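Just below is one structure, and these are the notes that go with it.
Just so it is clear, the structure is predicted and the values come from calculations on it, not from any experiment. Whatever order the structure lists them in is the order used to number ligands and atoms, beginning at 1.
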Amino acid sequence: MVFDSPGVTPLNPARDSGWNLHHSYTGLPEMFYTKVAPTPVSSPRLVVFNRPLAERLGLSPDALGGEEGAAIFSGNRLPEGGSPLAQAYAGHQFGGFNALGDGRAILLGEQTTPDGVLLDVQLKGSGPTPYSRQGDGRAALGPMLREYIISEAMAALGIPTTRSLAVAETGERVFRQDGMLRGAVLTRIAASHIRVGTFQWAAAAGGESTLKAILGYTIVRHYPNLADSENPALALLKVVIDRQAQLVAQWMHVGFIHGVLNTDNVALSGETIDYGPCAFMDVYDPATVFSSIDRNGRYAFGNQPAITEWNLTRFAEALLPVLDAKEEVAIAMATEALEEYEAAYGNYWLVGMRKKLGLFNKEKDDLSLVEDLLEWMHQTGRDYTNTFAALSQLGPVDDRFLEWTERWKARLGRQTQSLEESAQLRRDSNPAFIPRNHLVEAALAAAQEDDLAPMEKLLEILANPFDHSRAAPEYQQPDETGGGNYRTFCGT
Ligand code: AMP
Ligand code: MG
């Protein structure tokens with residue numbers, strides 16, 4: 001042994017990096033994955049690296065912030081203990097059912113954090129897999145940086161989400177609609193990548209035993225307290241319904257539009273996953289759609305709660321064989337569980353909206369108080385984020401708002417907390433900073449020209465979205481064109 005002598009530090013960089021990868025996913029039947037390695041790239045270069053997240057994962061930022069990180073996060077070198085695989089799944093894409101799978105993503109393994117949490121480490125854009133279909137398995141720099149910025153902003157907003165550990169450029173070009181683009185790989189960290197589509201795949205291509213396998217795995221990994229339930233499938237259905245209701249409510253509180261809420265993009269952990277054509281709404285309008293491929297507005301801002309219920313119904317369908325041996329009993333159970341969704345969503349939404357208005361207690365007219373404000377915002381074309389952030393400073397903008405303000409002030413007066421406590425609750429619940437579309441685009445455009453400063457500044461601002469004392473008006477203004485013509489493209 002070379003490193004046995006006392007006082008000599010092992011120089012093996014892989015070991016010093018802090019990896020401790022596990023591979024629980026390979027305990028599932030083989031239909032759930034294919035072992036496949038990332039395809040090496042010509043000249044890897046680290047573009048952005050999330051040092052605080054690396055630390056939370058028990059990884060060494062210093063060991064991974066340079067050449068070693070560039071090699072690992074581009075797929076050129078496997079981290080110690082890495083055992084790469086692509087996951088199989090299916091999904092309803094814009095309503096149509098397809099067999100899918102990781103066409104350009106590879107799971108390196110599951111890292112146990114110092115807090116004892118098991119998290120997936122996945123490369124996105126790391127080359128073809130057996131599930132690539134016609135795709136090249138690659139990703140362009142712009143969309144990977146976009147996922148990095150928006151997922152990190154969501155995390156800072158306190159919304160469950162996958163995280164972004166790094167983006168590495170490949171030194172290779174990818175061919176896309178708008179020409180030859182710089183290629184990149186994103187390293188994504190997730191509670192897991194189990195999707196509604198994973199269960200749909202099990203139900204469509206396997207049988208009861210495969211469904212039971214993924215059911216058992218999901219419960220152990222995410223909801224271990226459900227293991228002793230009388231009917232674990234029903235318990236899982238109920239908890240997933242509840243988590244999704246909560247998650248979508250949180251999106252609605254900040255104006256987030258996922259953009260491609262296909263069933264393969266719904267994570268059973270309750271995290272926001274698969275940032276493609278997502279964006280934040282500026283002017284409040286429930287019909288807002290940014291994605292160029294969402295021509296019918298299926299995934300419009302205001303449709304997200306309903307489409308999530310649709311997705312959950314697909315999840316319940318996949319679970320039917322393990323809910324009960326008798327199909328009609330299983331259907332009755334699933335229907336009953338799904339009926340809870342609307343009330344659960346409505347409750348999470350109103351609880352959050354009360355906080356946004358600085359309300360601590362409940363009154364029966366709170367719903368109409370919120371709805372009337374939203375309707376006014378819609379009709380007068382108000383910025384969603386800034387209106388909530390500055391609610392008490394807006395003044396008598398028009399008669400209708402004046403009348404609303406009177407009601408709101410009277411309502412604030414009917415709670416025991418002081419006006420200052422209410423103002424603090426509003427500051428803690430209404431972000432001062434969201435990833436404004438034009439700022440994200442400007443940061444990405446600069447990054448394409450190798451100027452990373454705008455992105456780094458934006459990331460720094462978005463890391464503290466509730467810091468209302470920060471004077472950075474240029475990061476708070478909506479796009480001066482109103483943002484209505486903003487278009488996003490699928491993260492390809
Ligand atoms: P998404 O819209 O990102 O959720 O992707 C939908 C499906 O298309 C997933 O199975 C992806 O793995 C696959 N996919 C997207 N882009 C590519 C690509 N460039 N090459 C191969 N597969 C892809
Ligand atoms: Mg997807």
Side-chain angles (χ1 to χ4, degrees), residues 31-34 36-39 41 75 84-107 120 122-148 150-151 161-162 164 167 170 172-188 190-201 204-205 257-269 271-279 290-295 298-299 307-308 311 314-315 488-492:
M31 62 166 301
F32 284 105
Y33 63 92
T34 303
V36 52
T39 306
V41 301
L85 62 82
Q87 295 180 333
Y89 49 86
H92 277 89
Q93 299 180 297
F94 289 90
F97 186 74
N98 293 307
L100 300 166
D102 289 334
R104 56 166 172 173
I106 284 174
L107 178 69
D120 276 9
Q122 191 205 56
L123 301 181
K124 183 169 173 182
S126 51
T129 75
Y131 312 110
S132 294
R133 297 174 293 164
Q134 289 91 321
D136 59 3
R138 290 297 182 191
L141 177 63
M144 294 306 100
L145 290 178
R146 204 159 182 287
E147 170 154 350
Y148 188 107
I150 302 203
S151 64
T161 177
T162 62
S164 297
V167 173
T170 60
E172 295 170 5
R173 300 263 155 182
V174 293
F175 185 68
R176 294 289 181 268
Q177 250 174 341
D178 24 357
M180 299 293 278
L181 306 174
R182 292 162 77 156
V185 177
L186 171 85
T187 302
R188 176 157 77 178
S192 87
H193 286 82
I194 306 165
R195 307 145 188 272
V196 165
T198 313
F199 277 73
Q200 291 183 289
W201 171 244
I257 305 173
H258 183 285
V260 59
L261 274 182
N262 294 330
T263 57
D264 57 301
N265 296 339
V266 179
L268 295 204
S269 62
E271 288 182 341
T272 311
I273 194 170
D274 269 2
Y275 292 85
C278 61
F290 292 121
S291 169
S292 57
I293 55 168
D294 190 5
R295 290 194 190 87
R298 180 181 172 90
Y299 301 136
I307 211 70
T308 297
N311 290 338
R314 306 287 84 74
F315 179 50
T488 57
F489 299 89
C490 224
T492 44

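- In the vicinity of Gln93, heavy-atom distances shorter than 4.0 Å reach the ligand 1 atoms 6 (C).
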All N/O donor-acceptor pairs, side-chain side in residues 90-100, below 3.5 Å, sequence neighbours left out:
from, atom 1, to, atom 2, distance (Å)
His92, ND1, Gln200, NE2, 2.9
Gln93, OE1, Asn98, ND2, 2.8

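- Between the side chains of Thr162 and Ser151, no donor N or O sits under 3.5 Å from an acceptor N or O.
- Among Gly101, Ala105, Gly135, the residue whose heavy atom lies nearest to atom 11 (C) of ligand 1 is Gly101.
- Counting heavy atoms closer than 4.0 Å to ligand 1, residue Asp102 contributes backbone atoms (N, CA, C, O) but none from C-beta onward.
- Residue Asp274 has at least one N or O atom closer than 3.5 Å to an N or O atom of ligand 1.
- Close N/O approach between Tyr131 and ligand 1 is not found [any backbone or side-chain N/O within under 3.5 Å].
- Of the heavy atoms in Asn262, none comes closer than 4.0 Å to ligand 1.
- In this structure, Thr170 contributes its side chain and Gly183 its backbone to a donor-acceptor pair below 3.5 Å.
- A pairwise comparison of heavy atoms in Leu261 and Ile307 identifies CD1-CG2, 3.5 Å as the closest pair.
- Of the listed options Glu147, Arg133, Arg104, Arg133 places a heavy atom closest to atom 13 (C) of ligand 1.
- Contacts between Arg176 and ligand 1 below 4.0 angstrom, taking non-hydrogen atoms only, involve the side chain exclusively.
- Among the atoms of Gly137, some N or O lies under 3.5 angstrom from an N or O of ligand 1.
- Residues passing the salt bridge (Lys or Arg N to Asp or Glu O under 4.0 Å) test with Glu147, sequence neighbours excluded: Lys124, Arg188.
- Atoms of ligand 1 found under 4.0 Å from any heavy atom of Leu100 (numbered from 1 in listed order, with element): 10 (O).
- Proximity of a side-chain donor or acceptor of Tyr89 to a complementary backbone N or O of Gly101 within less than 3.5 Å is detected.
- Each protein N/O/S atom under 2.8 Å from the Mg ion (ligand 2) was counted, for a total of 2.
- Ligand 1 has an N or O atom lying under 3.5 Å from an N or O atom of Gly103, backbone or side chain.
- Of all atoms in ligand 1, numbered sequentially from 1 with element shown, those under 4.0 Å from a heavy atom of Asp264 are 4 (O).
- Near Tyr89, the atoms of ligand 1 lying under 4.0 angstrom from a non-hydrogen atom of the residue are 9 (C), 10 (O).
- Although no hydrogens or angles enter the test, the distance criterion places a donor-acceptor pair under 3.5 Å between the side chain of Thr129 and the main chain of Asp102.
- Contact annotation: for Arg138 versus ligand 1, heavy atoms closer than 4.0 Å belong to the backbone alone.
- Counting atoms of ligand 1 from 1 in the listed order, those under 4.0 Å from a heavy atom of Asn265 are 4 (O).
- The shortest heavy-atom contact between Gly259 and Asp294 is O-OD2, 4.4 Å.
- Partners of Asp120 by salt bridge (Lys or Arg N to Asp or Glu O under 4.0 Å), not counting sequence neighbours, listed by chain and number: Arg221.
- Nearest approach of Ile273 to Asn265, heavy atoms of both residues: CG2-O, 3.3 Å.
- In this structure, the side chain of Arg146 engages the main chain of Gly276 through a donor-acceptor pair within 3.5 Å.
- Looking only at distances, no side-chain donor or acceptor of Arg195 sits under 3.5 Å from a matching main-chain atom of Ala267.
- When all heavy atoms of Phe290 and Ala279 are compared, the pair lying nearest together is CD1-CB, 3.2 Å.
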